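Data block below; observations after.
Convention: sequence-line order gives letters A, B, ...; per-chain numbering from 1. The shown structure was predicted, so the numbers you read here are calculated from the model rather than taken from an experiment.
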Amino acid sequence: MNNEIGSAFLERDTVTVARELLGNYLCRCGTASDSTQRWVITEVEAYDGPEDKACHAHRGKTPRNAVMFGPAGFYYVYLCYGMHWLLNIVTGPVDYPAAVLIRGVGAVRGPGRTTKALGVDKTFDQQPVCKQTGLWLEQSERSLPAEAIQATPRIGIDYAGPIWARKPYRFVID
DNA sequence: TAAGTGATCTCT
DNA sequence: GAGATCACTTAA
């Protein structure tokens with residue numbers, strides 16, 4: 001069975017992609033073993049374009065966030081607070097900086113703990129979302145009922161001002 | 001509730 | 001080069 005999620009899914013509207021990623025699988029083929037791990041995506045946040053003051057790209061292109069300006073279907077991984085890797089998936093068209101932050105998979109809560117559980121670090125930055133990298137997305141056979149999804153404001157971005165800090169761009173499975 | 005932690009960005 | 005900032009976690 002191959003339900004691999006590709007760029008056709010990811011290059012759509014960022015908020016839509018974030019919401020629809022819930023309930024699908026983030027898959028990891030570890031280097032330590034041959035087994036494949038499949039994690040249900042339970043918590044995500046959308047960072048949508050240059051207008052979004054909470055998005056790292058809202059102040060323009062820099063070496064760190066350049067991958068967000070590229071095509072959908074690539075990882076944007078960066079170090080936060082000196083100790084946590086945060087995993088994002090680039091979405092939307094070329095030259096439109098947007099990404100979806102993976103905040104939680106399975107029973108793991110918190111973006112830093114998620115990357116630790118998956119063994120994700122800087123080496124995945126700017127890598128394509130596909131099986132060859134050892135980290136990819138698979139569609140679930142069953143779609144999630146709409147009432148299982150909760151939308152809330154994003155976490156830890158109060159600096160973005162009331163307008164953007166209050167946008168309901170965080171999605172969690174109830 | 002507070003502090004640890006280091007890359008990145010914005011000034012000099 | 002120096003200083004501020006930060007999409008977090010853990011231990012009290």
Side-chain angles (χ1 to χ4, degrees), chain A residues 5 9-24 26 28 37 39-93 95-129 133 135-137 149-174:
Chain A
I5 292 175
F9 182 98
L10 298 170
E11 66 196 5
R12 298 173 300 152
D13 171 70
T14 308
V15 176
T16 303
V17 171
R19 191 170 54 229
E20 294 190 8
L21 273 177
L22 287 180
N24 292 306
L26 182 61
R28 179 82 169 101
Q37 303 170 329
W39 303 81
V40 179
I41 298 171
T42 55
E43 186 178 356
V44 297
E45 281 180 9
Y47 288 86
D48 188 21
E51 303 285 310
D52 184 353
K53 289 192 169 52
C55 180
H56 282 173
H58 89 273
R59 309 240 291 149
K61 199 180 204 173
T62 70
R64 181 177 63 163
N65 65 29
V67 66
M68 277 201 286
F69 289 80
F74 286 78
Y75 293 114
Y76 169 44
V77 181
Y78 81 100
L79 188 66
C80 187
Y81 296 104
M83 50 187 100
H84 304 296
W85 296 108
L86 267 60
L87 174 65
N88 301 252
I89 295 168
V90 175
T91 63
D95 285 334
Y96 186 81
V100 173
L101 169 68
I102 306 296
R103 289 189 61 91
V105 294
V108 181
R109 289 301 164 111
R113 307 192 69 196
T114 297
T115 52
K116 189 179 177 186
L118 291 167
V120 166
D121 63 16
K122 183 77 179 166
T123 62
F124 282 92
D125 189 38
Q126 305 184 37
Q127 293 296 307
V129 179
T133 60
L135 185 68
W136 70 99
L137 297 166
I149 297 176
Q150 276 191 359
T152 79
R154 292 171 292 185
I155 305 296
I157 52 149
D158 288 345
Y159 65 88
I163 303 288
W164 290 99
R166 289 175 193 164
K167 290 267 185 189
Y169 280 2
R170 171 173 176 258
F171 301 99
V172 300
I173 293 180
D174 198 4

**Prompt:** Considering Watson-Crick and G-U wobble pairs with both distances under 3.5 Å, what does C:dA7 pair with?
**Reply:** none
**Complete:** A:His58 NE2 to B:dT10 P, in whole Å, measures 10 Å
**N or O in side chain of A:Tyr78 less than 4.0 angstrom from C:dC6 OP1/OP2** = no
**Asked** Choosing from C:dT9, B:dC9, C:dC8, which nucleotide comes nearest the side chain of A:Arg64?
**Response** B:dC9
**Message:** If stacking means aromatic ring centre less than 5.5 angstrom from the base's six-membered ring centre, planes under 30°, is A:Tyr47 stacked on C:dA7?
**Reply:** yes
**Message:** What's the closest nucleotide to the side chain of A:Leu79 if the choices are B:dA7, B:dC9, B:dT5?
**Reply:** B:dA7
**Distance test, side-chain N/O of A:Arg109 to OP1/OP2 of C:dC8, below 4.0 Å** = no
**Asked** Which listed nucleotide (C:dA7, B:dC9, C:dC8) is nearest to the side chain of A:Tyr159?
**Response** C:dA7
**Message:** Considering every strand and a 4.0 Å limit on heavy-atom distances, what is the contact class for A:Arg154: base, sugar-phosphate, or nothing?
**Reply:** nothing
**Request:** Round to the nearest Å and state the distance from A:Leu86 atom CG to B:dT5 atom P.
**Result:** 18 Å
**Item:** A:Lys61 NZ - B:dT10 P separation (whole Å)
**Value:** 15 Å
**Message:** Determine whether a donor-acceptor pair (N or O, by modelled atom type, separation under 3.5 Å) exists between the side chain of A:Asp125 and the backbone of A:Lys122.
**Reply:** no
**Request:** For B:dT8, take OP1 and OP2 only and decide whether either is under 4.0 Å from a side-chain N or O of A:Lys122.
**Result:** yes
**Request:** Nearest whole angstrom, please: distance from the P of C:dC8 to the CE of A:Met83.
**Result:** 12 Å
**Request:** Examine C:dA7: is either OP1 or OP2 under 4.0 Å from a nitrogen or oxygen in the side chain of A:His56? Give yes or no.
**Result:** yes
**Prompt:** Within the pair A:Arg59 and B:dT10, is there a side-chain N or O less than 4.0 Å away from OP1 or OP2?
**Reply:** yes
**Message:** What is the distance, to the nearest angstrom, from the CG atom on A:Asp125 to the C1' atom on B:dA7?
**Reply:** 12 Å
**Prompt:** Just by modelled atom types, is the A:Leu87 backbone N or O under 3.5 Å from a matching donor or acceptor in the A:Thr115 side chain?
**Reply:** no
**Item:** Worked check of salt bridge (Lys or Arg N to Asp or Glu O under 4.0 Å) between A:Arg154 and A:Glu45
**Value:** CA-CA 7 Å; A:Arg154 292 171 292 185; A:Glu45 281 180 9; 5.3 Å; no
**Message:** Please classify the nucleic acid contact of A:Ile157 as base, sugar-phosphate, or nothing, using heavy-atom distances under 4.0 Å.
**Reply:** sugar-phosphate
**Request:** Starting at atom OH of A:Tyr76, determine the distance to atom P of B:dT8, rounded to an integer number of angstrom.
**Result:** 9 Å
**Fill in**
5'-most contact on DNA chain B (nearest-nucleotide basis), A:Cys80 vs A:Pro63, goes to A:Cys80
**Message:** For a quick test of reading the model, state the closest non-hydrogen atom pair linking A:Pro71 to A:Val90 and the distance between them.
**Reply:** O-CG1, 3.5 Å
**Asked** Hey, which of A:Tyr47, A:Tyr78, A:Phe69, A:Tyr159 is the one that makes ring pair (Phe, Tyr, Trp, His ring centres under 6.0 Å) with A:His56?
**Response** A:Tyr78
**Prompt:** Atom NE2 of A:His84 to atom C1' of B:dT5: distance rounded to whole Å?
**Reply:** 8 Å
**Given A:Gln127, A:Gln126, A:Arg64, the one that forms side-chain contact (heavy atoms from CB on, under 4.5 Å) with A:Tyr76** = A:Arg64
**Asked** Can you tell me the Watson-Crick or wobble partner of B:dT5, both distances under 3.5 angstrom?
**Response** none
**Whole angstrom value for the distance that separates C1' of C:dC8 from CG of A:Asp121** = 17 Å
